[in-house]
Amino acid sequence: YINSPFKLTRIRDLPPASNVDTVSISDILGSPMIKEVWIFNFLFDIDFIMANLDRDVRNEVSVKIVHGFHNGDEVLETDARRWPRVRLIPTWVPDWGTHHSKMMVLIYHDECMRIVVHTSNMIEKDWTNLTQGVWMSPFLPLKDATTPIKPRASHASGSSAFATSESPDPPFGTGERFKLDLVRYLHGYDKLVQHLIAIIDDYDFSAIHAAFIGSVPGHTDAIPGDSKTAWGWPGLREVLHHVSCRDEEGEVPQIAMQVSSIATLGGKRDWIDNFLDVLSTKAPLTENELLLLPISKGKSKVRDIKPEPHLIFSTPEEIRTSLDGYASGGSIHAKVSSASQKKQLAYLHPMMRHWDASVLSPKPPAQPPSRQALRGKAAPHIKTYIRFSSARMDRIDWALLTSANLSTQAWGHVAKERHGKGKVWVSSYECGVLVWPALFAESGNKKEDVAMVPVFGKDKAEPGDVGRVENRQERNDGGGGESAKEGLDMRKPKTVVGIRMPYDLPLVPYEEDEQPWAKEMVHVEPDFLGWVWMG
């Protein structure tokens, strides 16, 4: 039983029983062994950052702040001057884009490194009463000086020890490929972070079992070529094409998109349909898997069943009754007022689901305690995309934690000729981490021996979190050495990986008259602090 690779952040105003296995900003930054930290983010409070470093060494830690205010930010610059070891690194961002990535690179005195990808701005509000997610790499050692370095292909925009094309890129999900894609992402900052790239090159990433999913402003190929990392939805699609999904006969897979912002996607369905197609991508069946599929009337029952989409987003009542009341709504964004936005809401509404269904009256059937995430009153700033194997939502095919909301800026536009043939325009910087069951298969085991399951209120899966698993296997018929299909072999997996859920299951659809929270709308019913929201 393996702990969830994703963690939730500690919520200040919830009891300890609701904060089991959670992490705080001081847990991440508070080690006295940290000597250097690189922080990539959108919003910063430098005094808050420095306060969470160990008090005995905070004046000695080298802090690099990578931000997108390339025209300058007076408050940020004033705050930085109070801390001699803080350096600001502005990067250019195109119009309508943001430097939205949320990542830290921690370098320790014992020569270890840690990569942290998360969903919080570096401000106090984001680390108190908002639901956030964190992925932390293992502590990464320096490379063994005796181990020869294999030359690897590189992104055309940069050069490093990877900058050759003598061998193919490593497989997705390996630490080597994670490192390669991370370095290619960092090359998107031109020469601003060359020092960090040189440091990363010295480290061994083999302990990482995940894929790096990024966005970098500019054009990216809709269909990536060899020796390139694609950004936005083309990059996500490329990785998902290598992820096997556990399709069950007669079951409809489910795609759950949970975000804190829904941008203007257009009055037509073009963008969302393309994005849902991306999220539906999976690895083609192997020859052995095809042989084991049931046959009916001489025809294979193989069907590409389209997953059912769900979009989890807070309603006004959920914001009003959250731990911070209406104040939490300042971090959650959707627009519903213009004609185009109303058309967009019309096609999104059937897939919209509650973040906190306890606000409904009459209340829906209560979720069993075993499927309560204990985060309903902590408004969501986390962003997750998860594919479940069936409508039961008890098995996970893959899970993505990312800074990327539902927007064309984050994921890229639909490929159009105006952006060049086969090109997709991406406007923002984003970072995410994708995991799937096969990455956790132990040596000698098959990918089918691993189950990934949702876990609630804790990080570790337990025997009660997974039922019996249906695995198709070939068995020797004992006669002439030929293998024969014998249906389904019912057995439990050898490895179970938990994915810490930020929301309750099952999901509850919006009522017909419900709308998502929109900052521009007026809400006159007071929250528990007595405040109203004037839009």
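Quick caveat: nothing in here was measured; it's all calculated off a predicted structure. If you read the sequence from its start, that first residue is 1, and numbering goes on from there.
Between the CZ atom of Arg500 and the NZ atom of Lys7 there is a distance of 7.5 Å, given to the nearest 0.5 Å. Here OG1 of Thr408 is found 11.5 Å from CD1 of Ile272. Values are rounded to the nearest 0.5 Å. For the atom pair CH2 (Trp398) and CG (Leu240), the distance works out to 5.5 Å, reported to the nearest 0.5 Å. The line from CD1 of Ile28 to OG of Ser120 is 7.5 Å long, rounded to the nearest 0.5 Å. Taking CG of Leu53 as the reference point, atom CG of Asn59 lies at 9.5 Å (rounded to 0.5 Å). Met136 CE to His118 NE2: the interatomic distance, rounded to the nearest 0.5 Å, is 11.0 Å.
Side-chain atoms of Ser314 and Asp356 form no donor-acceptor pair, as typed in the model, at a separation below 3.5 Å. A donor-acceptor contact under 3.5 angstrom links the side chains of Ser331 and Lys125, judged on distance only. Looking at Ser328 and Ser322, their side chains do bring a donor and an acceptor atom within 3.5 Å of each other. Side-chain polar atoms of Ser427 and Trp425 form a donor-acceptor pair below 3.5 angstrom. Side chains of Thr315 and Glu514: a donor-acceptor N/O pair is absent below 3.5 angstrom, by distance only.
With hydrogens and angles disregarded, a donor-acceptor distance shorter than 3.5 Å links the side chain of His381 to the backbone of Thr119. Under the 3.5 Å distance criterion, the side-chain polar atoms of Asp54 are matched with a main-chain donor or acceptor of Asp56. Checked by atom type and distance alone, the side chain of Asp126 pairs as donor or acceptor with a backbone atom of Asn121 at under 3.5 Å. Gln341 contributes a side-chain N or O that, together with a main-chain N or O of Ser338, makes up a donor-acceptor pair within less than 3.5 Å. For Gln344 (side chain) and Leu265 (main-chain N/O), a donor-acceptor pair under 3.5 Å exists by modelled atom type. Put simply, the side chain of Thr220 gets close to the backbone of Trp231: a donor and an acceptor are under 3.5 Å apart. Between the Trp517 side chain and the Gly329 main chain, a donor and an acceptor come within less than 3.5 Å of each other.
A salt bridge links Arg82 with Asp47; the closest basic N to acidic carboxylate O contact falls under 4.0 Å. Contact check on Arg177 versus Asp169 returns a salt bridge, with a Lys/Arg side-chain nitrogen under 4.0 Å from an Asp/Glu carboxylate oxygen. A salt bridge does not link Glu430 to Lys102: none of the charged nitrogens lies less than 4.0 Å from a carboxylate oxygen.
The salt bridge (charged side-chain N to carboxylate O under 4.0 Å, His left out) search around Lys335 returns none, not counting sequence neighbours. By the side-chain hydrogen bond (donor to acceptor under 3.5 Å, both in side chains) test, Lys460 is found to be paired with no residue, residues two or more places apart in sequence or in another chain being considered. Contacts of Asp73 classified as side-chain hydrogen bond (donor to acceptor under 3.5 Å, both in side chains), with partners at least two apart in sequence or in another chain: none. Listed by chain and residue number, Ile11, Ser18, Asn19, Leu323, Arg375 satisfy the side chain to side chain contact (heavy atoms under 4.5 Å, CB included) test with Leu14 (two or more places apart in sequence, or in another chain). Scanning for salt bridge (charged side-chain N to carboxylate O under 4.0 Å, His left out) contacts around Arg320 gives Glu317, Glu525, with sequence neighbours left out.
Ring pair Trp533/Tyr326 is tilted by interplanar angle, where 30° to 60° counts as tilted. Using cut-offs of 30° and 60° on the angle between ring planes, the pair Tyr429 and Tyr185 is perpendicular.
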Task: Evaluation steps, salt bridge (Lys or Arg N to Asp or Glu O under 4.0 Å), between Glu318 and Lys377 - done: CA-CA 8 Å; Glu318 291 165 43; Lys377 296 305 177 186; over 6 Å; no

- [ ] Decide yes or no on side chain to side chain contact (heavy atoms under 4.5 Å, CB included) for His195 and Trp38, but give the supporting numbers first.
- [x] CA-CA 11 Å; His195 174 61; Trp38 291 71; 3.7 Å; yes

- [ ] Begin from the C-alpha positions of Leu8 and Ile382 and carry the test side chain to side chain contact (heavy atoms under 4.5 Å, CB included) through to its verdict.
- [x] CA-CA 9 Å; Leu8 297 182; Ile382 188 173; 3.9 Å; yes

Task: Audit row: Phe172, Leu434, side chain to side chain contact (heavy atoms under 4.5 Å, CB included) steps and yes/no - done: CA-CA 10 Å; Phe172 288 112; Leu434 181 78; over 6 Å; no

TODO: Start with the C-alpha distance between Phe275 and Leu406, add both sets of side-chain angles, then the distance that settles side chain to side chain contact (heavy atoms under 4.5 Å, CB included), and finish with yes or no.
DONE: CA-CA 9 Å; Phe275 191 60; Leu406 202 62; 3.7 Å; yes

Please tabulate, for the side chains in residues 104-116, all donor-acceptor contacts under 3.5 angstrom to protein atoms that are two or more places apart in sequence or on a different chain.
residue: Asp110; atom: OD1; partner: Cys112; partner atom: N; Å: 3.3
residue: Arg114; atom: NE; partner: Ser137; partner atom: O; Å: 2.7

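Counting heavy atoms from C-beta on, the side chains of Tyr203 and Ile200 never come closer than 4.5 Å.
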